[in-house]
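Notes follow the structure.
Indexing begins at 1, ligand by ligand and atom by atom, following the structure's order.
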Amino acid sequence: MPELPEVETTLRGIRPYLDGARVERLIVRDPRLRRPIPPETAERVAGQAVRSLSRRSKYLLIGLDQGSLLIHLGMSGSLRVVPADSAPKKHDHLDLVLTDGRCLRFHDPRRFGLFLWLPETPELAERCHPLLRDLGPEPLGTAFDGDHLHRLGRQRRVAVKIFLMDASVVVGVGNIYANESLFLAGIHPARACHRIGLERYRRLAEVIRGVLEASITQGGTTLRDFVQEDGNPGYFAQSLRVYGRTGEPCIACGAPLRLRRIGQRSSFYCVHCQH
Ligand SMILES: [Zn+2]
């Protein structure tokens with residue numbers, strides 16, 4: 001599933017081609033995404049200039065002269081910029097054709113993605129759209145830090161891993177990143193979030209930022225894939241310290257790593273290093 005670093009990498013990959021671009025037309029080969037693409041969408045976007053490109057959580061927002069496009073990659077979606085006349089492959093459901101002969105092509109085998117035109121500007125959509133308005137701060141933004149986690153954490157009693165993966169607390173900390181960050185911060189994933197002090201939350205916020213940034217940097221090495229036909233970027237190539245390593249030795253102490261379900265999600269941890 002595309003996580004925040006992949007969406008950020010996608011944004012950086014497509015930005016050079018979309019900045020200042022103009023939409024010629026939208027080709028919809030299959031409108032059946034998570035929400036069906038309304039038939040009038042093509043008419044809404046045709047002829048409009050791209051005014052801005054941004055990301056909020058795992059949503060991409062393309063600001064147009066009028067309104068914006070809200071895009072989510074769902075479980076299996078990807079976006080690439082390709083020549084508009086290149087033959088679409090299976091599951092290439094949409095082409096946002098630009099006037100320069102390129103197109104932004106949306107590929108999504110499982111069709112859980114979203115591609116919606118909204119009447120609002122991206123700024124207004126972030127504040128008001130039901131999918132965006134209740135989201136917590138961006139983990140790489142200035143509103144996210146240990147103080148923020150500590151302030152919210154004191155009011156709840158859930159396991160810290162569930163707390164971290166709650167999008168109203170902070171967006172974009174998926175299961176892999178929660179596991180890796182808690183290991184690096186030395187915090188047991190099942191520890192109640194109200195029983196963690198400010199200093200530990202400050203350390204946790206720092207490592208979350210570091211883990212996500214490292215992942216984005218890795219994704220950045222595959223940017224060329226966005227203009228190639230067969231781009232299949234290895235986003236999760238970064239070495240994982242605990243995720244998926246049940247029974248393998250902890251890289252810090254050598255003890256076998258444990259697996260436990262916390263809130264329906266697999267949690268990997270070291271009993272010696274995480275408290
Ligand atoms: Zn250990």
Between Ser86 and Arg105, is any side-chain donor less than 3.5 angstrom from a side-chain acceptor? yes
Can a donor-acceptor pair be found between the side chains of Arg258 and Thr246 at a distance below 3.5 Å?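 No, no side-chain donor-acceptor pair sits under 3.5 Å.
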Using the Zn ion (ligand 1) as the vertex, how large is the angle between SG of Cys250 and SG of Cys273, rounded to 10 degrees?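 Value, to the nearest 10 degrees: 110°.
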Output field for angle at the Zn ion (ligand 1), Cys253.SG vs Cys270.SG, rounded to 10°, should show 100°
Counting backbone and side-chain atoms alike, is an N, O or S atom of His272 positioned under 2.8 Å from the Zn ion (ligand 1)? no
Apply side-chain contact (heavy atoms from CB on, under 4.5 Å) to Leu182 and Gln274, showing your working. CA-CA 8 Å; Leu182 287 166; Gln274 293 174 257; 3.9 Å; yes
Could you please spell out the steps behind the salt bridge (charged side-chain N to carboxylate O under 4.0 Å, His left out) verdict for Asp92 and Arg29? CA-CA 8 Å; Asp92 283 345; Arg29 293 185 199 89; 5.6 Å; no
